[in-house]
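Any value given below was found using the heavy atoms of this structure, including those in side chains, with hydrogens, waters and symmetry copies removed. Being a predicted model, the structure only gives us computed values, none of them experimental.
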Amino acid sequence: MNKDTPSPRGVLVVRPEPALTETREMLERLGWRCWGMESLIITPRALSEQTGVAAVLITSSQSIQTLSSSVAHDIPVYAVGDATADRAKKHGFQTVISASGDAAKLAELVTARLSPASGPLLLLSGEHQGLALAETLRSNGFRIRRRVAYATAPATTLPSDALSALREGLIETVMVFSAASARAFCTALANTGSSPRSLRAIAISQNTMKELHKSGFKTIATAQTPDMTAMLDRLGSAASPSSH
């Protein structure tokens with residue numbers, strides 16, 4: 001590349017698998033040059049068969065493996081977002097309803113669609129997650145059976161290819177899909193002695209934005225809604241793919 005050729009602007013995607021690979025493939029189809037960091041290592045938890053529930057609530061697609069192995073596939077599933085709902089359908093669940101938002105939207109959906117008289121609801125979530133959702137629904141009279149479907153451990157290092165791309169200035173934008181992912185990325189970046197000041201971040205939520213800001217990011221765009229469409233809107237407003 002000669003000095004008159006602009007450097008290709010790349011994107012670093014920061015989120016757990018399997019969504020990490022799916023997001024990278026989508027962005028590459030759109031013409032972006034992508035790197036990835038699997039920010040959280042997910043370990044599914046084994047559960048005994050869960051019976052006697054009117055419906056299941058899942059706040060993340062990370063719950064689906066445990067959901068599929070412990071819940072009959074004819075029980076209705078209420079999912080936090082469209083991508084999570086799509087994955088549940090692919091695992092054979094017959095009735096899947098998406099809240100198309102966050103945990104607050106999921107609570108609204110459940111309250112509108114179900115009655116406490118319908119029976120207990122099973123809430124599958126990660127460790128230390130889903131507590132506010134469970135409390136909200138219980139305050140509305142629902143019986144909630146909360147179970148931990150997976151454990152999460154933050155990644156501690158950046159992949160070597162992503163670190164090299166950052167140091168070479170090939171990555172301009174970092175897309176971060178949760179507050180936990182933001183903490184993992186910022187810690188891993190700090191461990192390399194690098195600064196995020198020259199990077200532009202796209203955060204999926206206000207909590208994610210706050211974590212990035214605390215770690216030194218100066219330019220942060222926050223998605224208007226916590227979903228891929230809004231993240232892509234922010235990315236599109238930042239720059240064009242290198243191939244365009």
Side-chain angles (χ1 to χ4, degrees), residues 1 5-42 58-65 68 79-93 96 98-102 105 155 157-182 184-185 188-189 196 198-205 208-209 212 217 219-244:
M1 184 180 296
T5 304
S7 297
R9 289 175 291 190
V11 179
L12 175 61
V13 179
V14 182
R15 66 186 317 187
E17 291 288 8
L20 172 60
T21 295
E22 293 171 359
T23 303
R24 288 185 65 180
E25 291 174 348
M26 177 195 307
L27 292 175
E28 287 165 358
R29 287 195 297 270
L30 293 172
W32 294 92
R33 191 175 183 189
C34 292
W35 288 263
M37 176 187 177
E38 186 178 7
S39 52
L40 304 171
I41 310 304
I42 307 298
I58 52 175
T59 58
S60 167
S61 60
Q62 304 298 345
S63 296
I64 291 176
Q65 183 172 331
S68 188
V80 69
D82 297 342
T84 300
D86 288 344
R87 293 189 186 103
K89 291 174 185 175
K90 289 177 181 177
H91 275 73
F93 285 88
V96 184
S98 172
S100 299
D102 53 15
K105 291 291 186 182
T157 58
L158 283 165
S160 58
D161 63 333
L163 179 57
S164 295
L166 284 167
R167 287 175 169 167
E168 293 170 23
L170 300 179
I171 294 173
E172 183 180 69
T173 303
V174 183
M175 299 181 74
V176 188
F177 286 79
S178 72
S181 288
F185 169 71
L189 184 66
S198 63
L199 294 170
R200 182 181 191 274
I202 300 176
I204 198 168
S205 66
T208 306
M209 179 273 293
L212 293 168
F217 274 88
T219 305
I220 308 170
T222 304
Q224 291 190 336
T225 53
D227 54 57
M228 179 57 73
T229 299
M231 293 289 278
L232 290 175
D233 285 344
R234 288 301 193 190
L235 180 61
S237 67
S240 297
S242 59
S243 60
H244 290 185

Rounded to the nearest 0.5 Å, how far apart are CG of L212 and CZ of F217? 5.5 Å
Decide yes or no for L232 and L27: does some side-chain heavy atom of the first lie under 4.5 Å from some side-chain heavy atom of the second? yes
Side chains of P16 and F177: closer than 4.5 Å at any heavy-atom pair? no
Got a second to check how far S63's OG is from R87's CZ, nearest 0.5 Å? 11.5 Å
Taken to the nearest 0.5 Å, the spacing of I58 CD1 from I64 CD1 works out to 4.5 Å
For E17 and T21, which I'm curious about, is there any donor-acceptor pair between the side chains at under 3.5 Å? yes
On a heavy-atom basis, which atom in I204 and which in S178 lie closest, and how many Å separate them? CG2-N, 3.9 Å
Please report the shortest heavy-atom distance between V14 and S181, naming the atom on each side. CG1-O, 3.8 Å
Stepwise, does the side chain to side chain contact (heavy atoms under 4.5 Å, CB included) test hold for V96 with T84? CA-CA 10 Å; V96 184; T84 300; over 6 Å; no
Side chains of T23 and M231: does their closest heavy-atom pair fall under 4.5 Å? no
Taking all atoms of both residues into account, what is the closest heavy-atom pair of R200 and R234, and its distance? NH1-O, 3.9 Å
Side chains of W32 and T173: closer than 4.5 Å at any heavy-atom pair? no
Over all atoms of both residues, closest heavy-atom pair of M37 and T157: CE-O, 3.9 Å
Could you tell me whether the side chain of S205 reaches within less than 4.5 Å of the side chain of D102, counting heavy atoms only? no
Where do L30 and L235 land on the side chain to side chain contact (heavy atoms under 4.5 Å, CB included) test, with the steps shown first? CA-CA 11 Å; L30 293 172; L235 180 61; over 6 Å; no
dist R24:CZ -> R33:CZ (nearest 0.5 Å) comes out at 11.0 Å
How far apart are the closest heavy atoms of V174 and L199, and which atoms are they? CG2-CD1, 3.9 Å
Measuring from L170:CG to W35:CH2, what's the distance to the nearest 0.5 Å? 4.5 Å
Quick check: does any side chain N or O of T225 sit under 3.5 Å from a backbone N or O of D227, one acting as donor and the other as acceptor? no
For E22, does the CD atom have more than 12 heavy-atom neighbours from other residues, nucleotides or ligands under 6.0 Å away? yes
From I202 atom CD1 to T219 atom OG1, the distance as rounded to the nearest 0.5 Å: 11.5 Å
Take Q62 and L40 through the test side chain to side chain contact (heavy atoms under 4.5 Å, CB included) and record every step on the way to the result. CA-CA 11 Å; Q62 304 298 345; L40 304 171; over 6 Å; no
Looking at G36 and A162, what are the two nearest heavy atoms and their distance? O-CB, 4.4 Å
Can you tell me if CD on Q224 sees more than 12 non-hydrogen neighbours from other groups inside 6.0 Å? no
For side chain to side chain contact (heavy atoms under 4.5 Å, CB included), just list the numbers for T229 and D82, CA-CA rounded to whole Å, side-chain angles, deciding distance to a tenth of an Å, and then say yes or no. CA-CA 10 Å; T229 299; D82 297 342; over 6 Å; no
